[in-house]
S.K.: 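Quick one: this structure, given as structure tokens, is what I'll be asking you about.
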Amino acid sequence: MLRNAMRSVGACVLCALLLCGTAGASQPEGDDSFFGQASTVAATQPPVAQTEGMPASTAQPTLAPTAQPAHALPPPPSPTISILSPASDEGIGPGNVLTVEVAYADAARVEIEASWDGGNQKAELSDGGTTATLNLPPVPGNVTVTARAFSSPGDDGQVSSAEAETVLMAPREVLINAMIALAHDNFGDRRYNFAPAQTDTDIGVCKNFVMRMFDENKEPYEMLAYPGLALRMPKNNWKKDVAPYAYGIEWAPDTADSGNPFDVAAMFRYNPDLSKEENQELAREFLIQAKRGDCYQMVGNYVDGNGPHSLLLIQDYDPSEDMLHWTDSNMKGTRKNGVRWGWIQWDRDESIDWMIKAICRKNCGATLYRLREDIVFK
């Protein structure tokens, strides 16, 4: 009985083996059944490499590196640039040698240009330099300094750039600034702030004060029309030459070819043939022409004194406030041991009407003197 049972089991196993073999042999090509797919994978997958120290069941296949798409290089950074010197109020400078210092970054090339009415000049920095020197002709007006920085070309050949600019003052403006700055310094210096003003040579005398502001700053300058000619401020005109007006109403009529760099910008003379109101109107028309840096020469009654006086205007006439601003010496003063001493005034201001009242008198008046436009550095 046992023998019969074993024969039955053997027959079943043999039958199952024959069926499995028949199914694998008859699987049509391209069949998507689970068994067919498994057979194909088993037949084509390469052997799995075993990682040292790792069980075979967990070893990972070695994968070929994936190729990355090529990318364009980033564009070069945009350059930056700034002008460190000169400052606007320095102008070109004595000798007309313009030295420009810049700071920049990310620049492959840097260019400096100076331009003015009627001309220009360029220089290029190299080897990482930061300073350029340009030898300019005498220029009476403003000079514009432009600094340009350029990047290296990008992949597309494009170049980016940056620019900085400063406008330098005309030489006459630099001279005016220096005169006004010296007046401010003298105002704060006790050697000058209160000084003798008795004789023609005393430093406290009003005209001597104004002349000193000019004389101590004039050396680097000349007139374009008269190169090499030393500059000088005329003294007051002689009493006999201004009659019937009072002494101090004007300067001596020196010409430019003698070194006088000042022009008469405007003048007022009291006219006895006109009414008081008409004279006042003429005086107003005269005074509103006042500009910063003008030298004002007057004769009149100005409360603190009666007679000639010289002053330096430190602001343009401003119609919104209808005022004049100036610096002077000896408009205010006193006597010490019988000798006149005068104070320097800084930013003294009075209304136009105050000044009209001072000069609208018989034999009185005033003159505005202004530096010529062709003042240049030597």
S.K.: Do Asp322 and Tyr317 meet the criterion of a side-chain donor-acceptor pair at a distance under 3.5 Å?
M.R.: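 Yes, a side-chain donor-acceptor pair sits under 3.5 Å.
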S.K.: Can you tell if the side chain of Val102 reaches within under 4.5 Å of the side chain of Ser82, non-hydrogen atoms only?
M.R.: no
S.K.: Regarding Thr367 and Arg269, is there a side-chain donor-to-acceptor distance under 3.5 Å anywhere?
M.R.: yes
S.K.: Less than 4.0 Å between a side-chain N and a carboxylate O, is that true for Lys378 and Glu222?
M.R.: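 Result for this pair is no, no salt bridge flagged.
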S.K.: Centre of Trp343's six-membered ring, under 6.0 Å away, within 45 degrees of the axis: is that where NZ or CZ of Lys332 sits?
M.R.: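 The answer is no, since Lys332 fails at least one limit relative to Trp343.
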S.K.: Between Thr166 and Ser88, is there a side-chain donor-acceptor contact under 3.5 Å, judged purely by atom types and distance?
M.R.: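 There is no such pair (donor and acceptor under 3.5 Å, judged by atom type) between the side chains of Ser88 and Thr166.
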S.K.: Cluster question for you: counting only ILVMFWY and a side-chain heavy-atom cut-off of under 4.5 Å, with indirect links fine, are Leu311 and Phe187 together?
M.R.: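 No, no single cluster joins them.
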S.K.: Before giving the answer on side-chain hydrogen bond (donor to acceptor under 3.5 Å, both in side chains), spell out for Ser258 and Asn260 the whole-Å C-alpha distance, their side-chain angles and the decisive distance to 0.1 Å.
M.R.: CA-CA 6 Å; Ser258 68; Asn260 175 19; over 6 Å; no
S.K.: Just wondering, are more than 12 heavy atoms of other shown residues or ligands nearer than 6.0 Å to CD in Glu124?
M.R.: yes
S.K.: Can you list the steps and then say if Asp294 with Arg370 is a salt bridge (charged side-chain N to carboxylate O under 4.0 Å, His left out)?
M.R.: CA-CA 5 Å; Asp294 285 353; Arg370 187 168 298 161; 2.7 Å; yes
S.K.: Quick one: are Arg284 and Ile288 in side-chain contact, heavy atoms under 4.5 Å?
M.R.: yes
S.K.: Does a side-chain heavy-atom distance below 4.5 Å link Glu350 with Leu324?
M.R.: no
S.K.: Could you tell me whether the side chains of Asn120 and Glu113 share a donor-acceptor contact shorter than 3.5 Å?
M.R.: yes
S.K.: Would a line drawn from the ring center of Trp251 to the ring center of Tyr369 be shorter than 6.0 Å?
M.R.: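 Yes - the distance between ring centres of Trp251 and Tyr369 falls below the 6.0 Å cut-off.
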S.K.: Can Arg191 and Asn186 be counted as having a side-chain donor-acceptor contact under 3.5 angstrom?
M.R.: no
S.K.: How far does CD of Glu101 sit from CG of Leu125, to the nearest 0.5 angstrom?
M.R.: 10.5 Å
S.K.: Which is it for Asp347 and His325 under the side-chain hydrogen bond (donor to acceptor under 3.5 Å, both in side chains) test, yes or no, and what are the steps along the way?
M.R.: CA-CA 6 Å; Asp347 198 12; His325 295 257; 2.9 Å; yes
S.K.: Going by atom types only, do Ser310 and Gln297 share a side-chain donor-acceptor pair under 3.5 Å?
M.R.: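 Result is yes, a qualifying pair exists.
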S.K.: Any side-chain heavy atom of Phe262 sitting closer than 4.5 Å to one from Phe214?
M.R.: yes
S.K.: Could you check Asp257 against Thr255 for side-chain hydrogen bond (donor to acceptor under 3.5 Å, both in side chains), going step by step and ending with a plain yes or no?
M.R.: CA-CA 5 Å; Asp257 58 7; Thr255 56; 2.4 Å; yes
S.K.: If you apply the rule salt bridge (charged side-chain N to carboxylate O under 4.0 Å, His left out), what do you find for Lys235 with Asp200, and how did you get there?
M.R.: CA-CA 11 Å; Lys235 295 182 178 181; Asp200 289 346; over 6 Å; no
S.K.: Within a strict 4.5 Å, meaning less than it, do heavy atoms of the Arg292 and Leu313 side chains meet?
M.R.: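 SC-SC contact between Arg292 and Leu313 ruled out.
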